[in-house]
Amino acid sequence: MEEQFTVRQDKLKKLVELGVTPYPYRFADAQRFAAIIAAHRDRGADDLKQADIAVRCAGRILSIRSMGKSVFMHLFDGEEKLQVYIRKDIVSEKDFAVNNLLDIGDIIGVQGTVFKTHTGELSVLVKELTFLAKSFHPLPEKWHGLQDKELRFRQRYLDLIVNSETKDIFRKRSRIVQSVRRFFHDRGYIEVETPMMHPIPGGASARPFVTHHNALDIDLYLRVAPELYLKRLLVGGMEKVFEINRNFRNEGIDLMHNPEFTMIEFYELYRDFNDYMDLSERLLLDLAAEMLIDNTITWQDFKIPLKPPFQRLKYMDAIAGKSGLSVEQLWNEAEVKEHIRARFPEEPLPPTYGKMLELLFDLYVEKTLVEPTFVTYYPKAISPLSKWSRFDERETERFELYIAGMEIANGFSELNDPLEQRRRFEEQTRDRERGDDEAQLIDNGFLTALEHGMAPAAGEGIGIDRLVMLLTGASTIKEVILFPSLRPKE
RNA sequence: GGCCCCUUAGCUCAAUUGGCAGAGCAAUUGACUCUUAAUCAAUAGGUUGAUGGUUCGAUUCCAUCAGGGGUCACCA
């Protein structure tokens with residue numbers, strides 16, 4: 001422990017005595033291991049010997065097998081492993097002395113020629129060795145990798161060095177985000193950035209984090225959603241916009257939730273929620289084609305084929321189907337209250353009618369929505385930013401997409417009647433007074449924007465972390481966030 | 001936040017009803033010019049998460065605390 005640290009510091013001193021620069025500035029033109037392997041993997045040993053191909057590459061030492069006057073090491077360039085072979089009769093005396101002071105975990109650069117060992121492994125015969133960095137700490141064990149979840153998350157760099165599955169997940173995450181971006185750019189959307197700090201937290205029902213701005217001497221809230229700012233852009237005539245960024249919600253941490261999480265929200269003028277269900281389906285199928293085998297999500301115990309068209313199910317029908325209540329009974333607050341009291345006496349009675357419906361939905365429906373399903377026509381009471389349904393004033397043109405019992409997307413025809421929007425906010429204020437502390441606050445700046453006239457529009461948000469979970473099979477949200485929220489230690 | 005489980009060497013894991021805390025890898029020293037879980041010989045490494053308690057004796061039993069995992073609640 002302490003001993004390994006001091007031993008390795010001594011080795012660095014000895015390297016300096018040999019004339020090595022302990023922290024050099026650059027090692028340019030290093031080839032990626034993957035490229036070297038791909039270029040020469042299929043060539044025979046004799047062929048390679050004759051070709052005498054020079055390569056230059058760098059990586060972290062993962063293993064050392066020394067036979068005294070010759071040494072094999074595996075290097076890792078963050079992506080692939082490559083074996084290098086150092087012989088006393090080939091490298092300079094100094095380089096061989098440097099080699100003898102190397103530890104697993106150190107980073108070196110090498111120049112040499114490509115060859116194949118007797119067992120056929122493509123390797124680099126080192127001619128020149130460049131010391132690049134010392135590791136004072138030992139790497140986790142090579143057989144089992146790093147198992148301890150806490151260490152994996154707190155010291156993610158170790159996880160990335162030792163566990164290749166971790167690296168795969170984040171490479172896939174990058175590809176997914178890239179594909180999503182391309183999807184919207186290809187359709188003429190422009191990417192925007194709106195404030196992360198809001199004077200009034202809005203756009204979603206959630207508790208915010210509070211911070212303070214000293215110069216203005218005001219409290220600000222980390223945003224729970226960018227929605228109200230993106231819709232201001234719609235008023236400004238930005239016809240198609242999207243933003244991929246973090247939202248912050250002051251809620252619990254579990255398999256599906258991290259206090260900061262990544263959302264894409266996108267909006268388009270002259271569209272409604274039907275258009276956006278179609279668009280969501282297209283996006284999911286494009287991603288599936290790129291990321292999945294047979295368009296099938298493998299997650300937990302589920303195998304879920306993504307087959308269009310996705311099922312569409314009205315919110316109230318969904319609850320009615322599972323609860324035994326009729327849709328008309330569900331529209332009656334007294335009946336709903338009675339049902340909850342009778343069937344779920346242990347549940348605290350929600351403070352508002354909307355919350356009661358949400359409770360029933362969560363208890364009866366959510367986990368059953370394994371196949372991709374658009375739940376549609378959410379009640380007005382729980383959808384303060386959605387436009388009322390053209391068929392039933394009690395409902396809104398809102399949908400949520402569920403896959404594997406997880407909420408993945410939430411979209412709607414945007415409410416663009418400023419007077420109705422103000423009434424909805426006022427209703428939220430009444431909910432808040434009844435004890436719903438997640439009810440939304442009145443954002444007068446947003447209302448003023450709507451009063452200038454907003455064309456009909458559709459909008460939607462998709463949780464990127466959950467999407468990545470589904471597409472990579474990751475079991476928890478912590479596996480798809482590089483540095484998930486943990487209690488700080490020490 | 002409630003409940004349940006976990007915490008032993010740098011890492012991965014052992015330890016009989018409560019009876020001297022062990023192994024592999026990593027490390028140190030030595031041998032070895034095609035090894036790849038390299039091999040061989042030797043060595044070192046521990047306040048068993050922390051603090052109290054019970055006991056002749058605690059990794060083991062009890063209490064409190066800390067961190068983590070799982071679950072429930074809130075939420076996406």
Side-chain angles (χ1 to χ4, degrees), chain A residues 1-8 10-11 45 61-74 81-91 96 103-105 115-121 123 125 135-155 158-159 161-163 204-208 224-225 247-263 265 346-348 350 355 358-359 362-363 366 400-402 405-410 436-438 461-467 469 475-478 484 486-490:
Chain A
M1 33 178 272
E2 193 70 16
E3 181 208 334
Q4 300 205 16
F5 195 92
T6 52
V7 165
R8 286 172 179 227
D10 287 345
K11 286 184 178 177
I61 299 169
L62 284 191
S63 60
I64 300 175
R65 292 171 296 283
S66 167
M67 277 132 318
K69 297 193 179 69
S70 76
V71 182
F72 284 94
M73 296 179 183
H74 269 110
K81 289 180 200 173
L82 185 63
Q83 183 170 255
V84 300
Y85 183 36
I86 300 166
R87 286 173 58 128
K88 193 170 187 201
D89 59 357
I90 289 182
V91 298
F96 200 74
D103 284 299
I104 292 172
F115 77 106
K116 268 194 177 166
T117 64
H118 292 167
T119 50
E121 176 164 352
S123 307
L125 179 63
S135 168
F136 292 138
H137 294 285
L139 241 37
E141 197 231 1
K142 61 185 170 187
W143 304 351
H144 307 91
L146 187 62
Q147 300 297 323
D148 188 293
K149 283 196 168 110
E150 187 179 351
L151 283 181
R152 286 186 50 227
F153 300 144
R154 286 192 197 278
Q155 294 178 266
L158 292 177
D159 190 29
I161 292 168
V162 176
N163 296 329
S205 304
R207 273 182 278 262
V224 295
N247 290 343
F248 305 86
R249 299 190 183 173
N250 208 337
E251 312 281 358
I253 298 173
D254 64 23
L255 296 182
M256 305 284 201
H257 299 89
N258 196 64
E260 51 180 306
F261 63 102
T262 303
M263 279 269 275
E265 287 206 7
E346 73 285 0
E347 294 284 346
K355 288 268 165 192
E358 285 184 329
L359 177 68
D362 289 349
L363 289 171
E366 187 169 18
E400 290 197 357
L401 174 61
Y402 281 86
M406 269 197 289
E407 184 189 337
I408 298 299
N410 177 21
D436 177 0
D437 53 5
E438 284 162 6
I462 297 177
I464 295 291
D465 311 279
R466 291 183 177 183
L467 190 63
M469 285 170 71
S475 57
T476 87
I477 200 166
K478 286 188 167 83
L486 296 176
R487 194 178 289 274
K489 213 167 185 179
E490 285 150 338

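Chain identifiers are assigned alphabetically (A, B, ...) following the order of the sequence lines, protein sequences preceding nucleic acid strands; residue numbering begins at 1 within each chain. Heavy-atom basis, side chains included; hydrogens, waters and symmetry copies ignored.
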### Query
For atom P, what is the distance between B:U7 and B:U33, given to the nearest Å?
46 Å
### Message
Would the distance check show the side chain of A:N410 and the main-chain N or O of A:E400 forming a donor-acceptor pair, the cut-off being under 3.5 Å?
### Response
no
### A:Y85 and A:F72 aromatic ring geometry - parallel, tilted or perpendicular at 30°/60° bounds
parallel
#### Entry: Phosphate-side-chain proximity, A:R65 and B:A38, N/O vs OP1/OP2 below 4.0 Å
yes
### Query
Less than 4.5 Å apart, any side-chain heavy atom of A:I253 and any of A:P259?
yes
### Message
Can you list everything that forms a side chain to side chain contact (heavy atoms under 4.5 Å, CB included) with A:S123? Sequence neighbours excluded, please.
### Response
A:Q83, A:F115, A:T117, A:E121
### Query
At under 4.0 Å between heavy atoms, what does A:E121 touch on the DNA or RNA strands: base, sugar-phosphate, or nothing?
base
### Query
Side-chain contact, heavy-atom cut-off 4.5 Å: A:I90 with A:L125?
yes
### Query
From B:U12, B:A27, B:G68, pick the nucleotide closest to the side chain of A:E141?
B:U12
### Query
Within a strict 4.5 Å, meaning less than it, do heavy atoms of the A:V71 and A:S66 side chains meet?
yes
### Query
Taking atom P in both B:C56 and B:G2, what distance in whole Å separates the two?
36 Å
### Query
Any chance NZ of A:K116 has more than 12 other-residue heavy atoms, nucleotides or ligands included, within less than 6.0 Å?
yes
### Message
Please give the distance between the C1' atoms of B:A14 and B:G22 as a whole number of Å.
### Response
7 Å
### Message
Assuming nearest nucleotide by heavy-atom distance, tell me which of A:H118 and A:E366 is located more 5' along RNA chain B.
### Response
A:H118
### Query
Between A:K142 and B:C11, is there a side-chain N or O to OP1/OP2 distance below 4.0 Å?
no
### Query
Once you round it to whole Å, what is the distance between C1' of B:G1 and CZ of A:R207?
11 Å
### Task
Identify whether any heavy atom of A:D89 sits under 4.0 Å from a base atom; if not, whether one sits that close to sugar-phosphate; answer base, sugar-phosphate or nothing.
base
## Note on the structure
In whole angstroms, the gap separating C1' of B:G24 from NE2 of A:H144 amounts to 8 Å
### Message
Please convert RNA chain B into dot-bracket. A pair counts if it is Watson-Crick or G-U wobble with both distances under 3.5 Å; crossing pairs go in [ ] and bases paired with another strand get |.
### Response
(((((((..((((.....[..)))).(((((.......))))).....(((((..]....))))))))))))....
### Query
B:A41 and B:G46: how far apart are their C1' atoms, nearest whole angstrom?
25 Å
### Message
Does B:C74 have OP1 or OP2 under 4.0 Å away from a side-chain N or O of A:R249?
### Response
no
### Message
With heavy-atom distances below 4.5 Å as the criterion, would you say the side chains of A:L486 and A:R154 are in contact?
### Response
yes
### Query
Looking at the side chain of A:I104, which of B:C11, B:U28, B:A26 is the nearest nucleotide?
B:A26
### Query
Taking atom C1' of B:A9 as reference, at what distance in whole Å does atom CZ of A:F5 sit?
18 Å
### Task
Scan A:K355 against the nucleic acid and name what it touches under 4.0 Å (heavy atoms): base, sugar-phosphate only, or nothing.
sugar-phosphate
### Query
OP1 or OP2 of B:C32 sitting under 4.0 Å from any side-chain N/O of A:K88?
no
#### Entry: Distance, rounded to the nearest Å, where A:L62 contributes CG and B:A37 contributes P
14 Å
### Task
Return the stacking result for B:G24 and A:W143: yes when the ring centres lie under 5.5 Å apart and the planes under 30°, no otherwise.
no
### Task
Please check if the side chain of A:N163 supplies one atom and the backbone of A:L146 the other of a donor-acceptor pair under 3.5 Å.
yes
### Task
Using a cut-off of 6.0 Å, state whether more than 12 heavy atoms not belonging to A:K88 lie near its atom NZ.
no
### Task
Let me know the distance between CD of A:Q147 and P of B:A14, rounded to the nearest Å.
12 Å
### Query
Hey, does A:L151 reach any base, or is it just sugar-phosphate, or nothing, if we go heavy atoms under 4.0 Å?
sugar-phosphate
### Query
Are any non-hydrogen side-chain atoms of A:I64 and A:M73 less than 4.5 angstrom apart?
yes
### Message
Students often get this wrong, so: under 4.0 angstrom with heavy atoms, is A:G461 touching a base, only sugar-phosphate, or nothing?
### Response
nothing
### Summary
Against the side chain of A:P138, the closest entry in B:G24, B:A26, B:U28 is B:A26
### Query
To the nearest angstrom, how far is A:I64 atom CD1 from B:U39 atom P?
15 Å
Tabulate protein N/O versus nucleotide N/O from nucleotides 69-71 of chain B, keeping only pairs under 3.5 Å, one per line.
none

### Query
Nearest of B:C11, B:C32, B:U12 to any side-chain atom of A:P140?
B:C11
### Query
With a 4.0 Å cut-off on heavy atoms, is A:N258 in touch with a base, just the backbone sugar-phosphate, or nothing at all?
base
### Task
Quick one: label A:F115 by what it contacts on the DNA or RNA (base, sugar-phosphate, nothing), any heavy atom closer than 4.0 Å.
base
### Query
When all nucleic acid strands are considered with a 4.0 Å heavy-atom cut-off, which category describes A:G463: base, sugar-phosphate, or nothing?
nothing
### Message
Under a 3.5 Å distance rule, please check whether A:R8 uses its side chain to pair with a backbone N or O of A:S135 as donor and acceptor.
### Response
yes
### Query
Can you check whether A:R466 has a side-chain N or O nearer than 4.0 Å to OP1 or OP2 of B:A76?
no
### Query
Going by heavy atoms in the side chains, are A:N247 and A:V224 under 4.5 Å from each other?
no
#### Entry: Between B:G67 and B:A42 - P atom distance, rounded Å
45 Å
### Message
Taking the minimum atom-to-atom distance to the side chain of A:R154, which one of B:C13, B:G67, B:U35 wins?
### Response
B:G67
### 5' priority, RNA chain B, between A:K116 and A:S63 [closest heavy atom]
A:K116
### Interatomic distance, A:N163 CG vs B:U12 P [rounded to whole Å]
10 Å
### Message
If I pick the C1' atom on B:U16 and the same atom on B:U28, what distance separates them, to the nearest angstrom?
### Response
34 Å
### Task
Report which part of the nucleic acid A:Q83 touches: base, sugar-phosphate, or nothing (heavy-atom distance under 4.0 Å, all strands).
base
### Query
When you measure from the side chain of A:Q4, which nucleotide among B:U28, B:U33, B:A26 comes out closest?
B:A26
### Task
Could you measure between the two C1' atoms, the one in B:G49 and the one in B:U59, and give it in whole Å?
12 Å
### Task
Sticking with atom C1', work out how far B:A63 lies from B:U54, rounded to a whole angstrom.
11 Å
### Message
I need the CD1-C1' distance between A:I61 and B:A26, as an integer number of Å.
### Response
14 Å
